[in-house]
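As a basis for the values below, the full set of heavy atoms in this structure was taken, side chains included, without hydrogen atoms, waters or symmetry mates.
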Amino acid sequence: MPALDYFVTLFATEQDVTIEDLYLGYFDNGLNDGALKTTWLCEVNSSDKRYAKM
């Protein structure tokens with residue numbers, strides 16, 4: 001549940017945001033040293049963009 005709380009708080013100030021999917025995955029922000037760790041990923045409003053729990 002901490003991941004859901006994180007994303008609800010992240011989008012709390014935005015209007016018309018629906019969390020469509022929440023799942024474990026890998027996220028590469030380009031700053032990693034080559035080793036990727038699993039993190040929670042979130043899809044909102046059926047967008048192709050994914051948000052990672054940082």
Side-chain angles (χ1 to χ4, degrees):
M1 293 318 261
L4 183 56
D5 291 340
Y6 171 83
F7 288 114
V8 167
T9 302
L10 182 66
F11 298 114
T13 60
E14 297 184 31
Q15 300 237 349
D16 300 322
V17 173
T18 302
I19 296 174
E20 300 281 337
D21 202 0
L22 185 65
Y23 55 93
L24 281 174
Y26 298 97
F27 184 79
D28 184 2
N29 61 3
L31 302 175
N32 296 319
D33 61 0
L36 297 176
K37 296 180 181 178
T38 57
T39 188
W40 285 101
L41 298 171
C42 176
E43 175 188 343
V44 297
N45 299 342
S46 300
S47 170
D48 288 336
K49 183 174 181 178
R50 298 297 182 265
Y51 298 87
K53 181 177 182 293
M54 300 295 180

- Rounded to the nearest 0.5 angstrom, the OG-CG distance for S47 and D21 is 12.5 Å
- Message: Testing the basics here: between F7 and A52, what is the closest heavy-atom pair and its distance to 0.1 Å?
- Response: CZ-C, 4.0 Å
- Cluster question for you: counting only ILVMFWY and a side-chain heavy-atom cut-off of under 4.5 Å, with indirect links fine, are L24 and L41 together? yes
- Message: Against V44, only a single residue in D16, I19, T18 fulfils side-chain contact (heavy atoms from CB on, under 4.5 Å); can you say which?
- Response: I19
- Query: For the atom pair CZ (F11) and CG (N45), what is the distance rounded to the nearest 0.5 Å?
  - Reply: 8.5 Å
- Query: About how many Å separate CG of L4 and SG of C42, when rounded to the nearest 0.5 Å?
  - Reply: 8.5 Å
- Item | Distance in Å, R50 CZ paired with Y23 OH, rounded so as to fall on 0.5 Å steps | 4.0 Å
- Query: How about F27 and Y51: are their ring centroids closer than 6.0 Å?
  - Reply: no
- Query: If two hydrophobic side chains count as joined below 4.5 Å and joins carry through other members, does L36 share a cluster with W40?
  - Reply: no
- Message: Given 3.5 Å as the limit, does a donor-acceptor pair link the side chain of T39 with the main chain of K53, or not?
- Response: yes
